[in-house]
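Order of listing sets the numbers, starting from 1, for every ligand and every atom in it.
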Amino acid sequence: MSQRVKRVVFTKEMKEEYTILVPTMLPMHFEIISRVLNRYGYKTEILKNTGDHIKQLGLQYVHNDTCYPALIVIGQFLDALKSGKYDLHKVALMITQTGGGCRASNYLSLLRKALAKAGYDYIPVISLNFVGIEDCPGFKLTLPLIQKMLYAVIFGDLLMLLRNQCRSYEVNAGESQAKAEYWTERIADMLSAGWVSYSKVKRKYVEIIRDFESVERTDKPKIKVGIVGEIFVKFSPLGNNDLENFLVSENAEVVMPGLLDFLLYCVYNTIVDSRLYGIHKVKAWGAYIIDKYIVGKQKKLISIIRKSSSFRPMTPFDHTRTLTKGYIGLGAKMGEGWLLTAEMLELVEQGVNNIVCAQPFGCLPNHIMGKGMMKPIKERHEGVSIVAIDYDPGATRINQENRIKLMLANAKAASLDLANTL
Ligand code: SF4
C-alpha cells in the first residue's frame, strides 16, 4: 500500500538562509525571474546541470509511465542534491504549477515521493503558482513581485524573439547570443534594483530592439521552423535535446511563440469556464481585467517593435485565441489545450510552413490538441508540414533529429521547385 508522504513546510525563517533550486526551462526568462525573486529576499538558483544521466536518475525515482517533464525535472533536482554542491539542510526546491486539471497538478506529490525514496524527505518543496495550490508561509507572491515577474516574462519573450530572428543570419557567429546574454543581465539588474516605471520599461524595449538591429546579417533566405508543444519540452533545452541549437546548426530560423501566451492562456481559461459552465463568475471578472492588462502590455510592445525595427513581432494573444475557430473548442484546456492548436495556426499565418510539435510520449492532451489537429491544419493550408516529435526516456536524439532533417530536406526541395517554376 502506498504511503502518504509528509509535507515539509517552507517557513519564514527558512527564507533567510535556504537556497531555493529552480529547474531549467527558459534560460533567459528564468534568469531574470530568479534575480527578481532574490531582490525580494529569496536566494534562488537556476539549475544548469545537464546530461543523459539526468533522465536515468529520474527513472530510478519515478515510474517510467510518468510524464516526461516530471521525470526530467525530478532527475535534475536529484542530480543537483547528490552533487555535493549544496548544504542539504539549507536547500529547498521550487516548481511552477498552473493548477489545471492535467497530471502536472500531481508533480508536487511526485517530487515529494521521489525525495522520500532518495532519503531527502526533510527538504521543503515550494509550488510557484498563482491559484493558491498550497499555503507556504516562507514564500509569498506580492503584487509588486508579480508585476516584475510579468515584465521578466515580457522581456524574456522579446530577447528570445530578437535573438532568433538574428541568429541564423548573423555574419559574426555568436553575436546575437552574446547580445541576448548581455541584455538578460541588464534587465535583471534593472528589475531587481527597485521600482521601475512603465516609461522606463518602454525605453528599454527600444534600446534592446535597436541594439539587435545593429547585428550585421545576410539576406540569404532560410527555412523558418516553428516550435510548439508541451510547455516544458517546447522550451527546455534539457527536455528537448537542445532542439533550438540543432535547428540553427541545420541552417534554419527558429520561430517560437513566447511564454506570455501560455500565461494568458491560463488566465483566459477562467473566463472560458465561466462562459461555458456559468461558474467562478467573480474570478472570471478578475481574469478579464488581468487579461486586458497583459494583452495591452503585449500590444504596446508589438507596436514598438513595428515602429522601431524591421523585426517580425509576436502575434497579439487576443488574435491568437480566435484562430482555433472551426478546429477545436476553447473548452479543450487540459495541458496546453487549445493553445497548442492556436500556436500552430499562428505560425502558419506568419508564413512559417514547417513546424515541430514537441510532445512528451504518452501525453494524451498534447496528442489530441497537437497530433490530432495536424491533419485538419494541413488539409486547409497547402504546403504546411508538421512533424510530431516524441520525447521520452527511451527516444534517441538521433531518431528525433533524423525526422526533423527529413522535414527540412523536403522543405528545401519544395523551395527549389518553387524557384525553378518562377
Ligand atoms: S500536458 Fe501531458 S506531460 Fe503535461 S502533465 Fe499533462 S499529460 Fe503530463
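- Counting heavy atoms closer than 4.0 Å to ligand 1, residue Tyr107 contributes side-chain atoms (C-beta onward) but none from N, CA, C or O.
- Taking a cutoff of 4.0 Å between a charged side-chain nitrogen and a carboxylate oxygen, Lys292 and Asp318 do not qualify as a salt bridge.
- Ion pairing of Arg167 with Glu175 is absent here, as no side-chain N (NZ or NE/NH1/NH2) approaches a carboxylate O to less than 4.0 Å.
- Atom 8 (Fe) of ligand 1 has Cys67 SG as protein N, O or S atoms under 2.8 Å away.
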Using distance only, find each side-chain donor-acceptor pair of residues 385-393 under 3.5 Å and give its atom names and separation, not counting sequence neighbours.
| from | atom 1 | to | atom 2 | distance (Å) |
| --- | --- | --- | --- | --- |
| Asp392 | OD1 | Ala395 | N | 3.3 |
| Asp392 | OD2 | Gly394 | N | 3.2 |

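- Salt-bridge annotation for Arg397 and Asp52: absent, with no side-chain N of the basic residue lying under 4.0 Å from a carboxylate O of the acidic one.
- Here the side chain of Arg39 pairs no donor or acceptor atom with the backbone of Leu191 at under 3.5 angstrom.
- Of the possible donor and acceptor atoms, one in the side chain of Tyr18 sits under 3.5 Å from a partner among the backbone N and O of His89.
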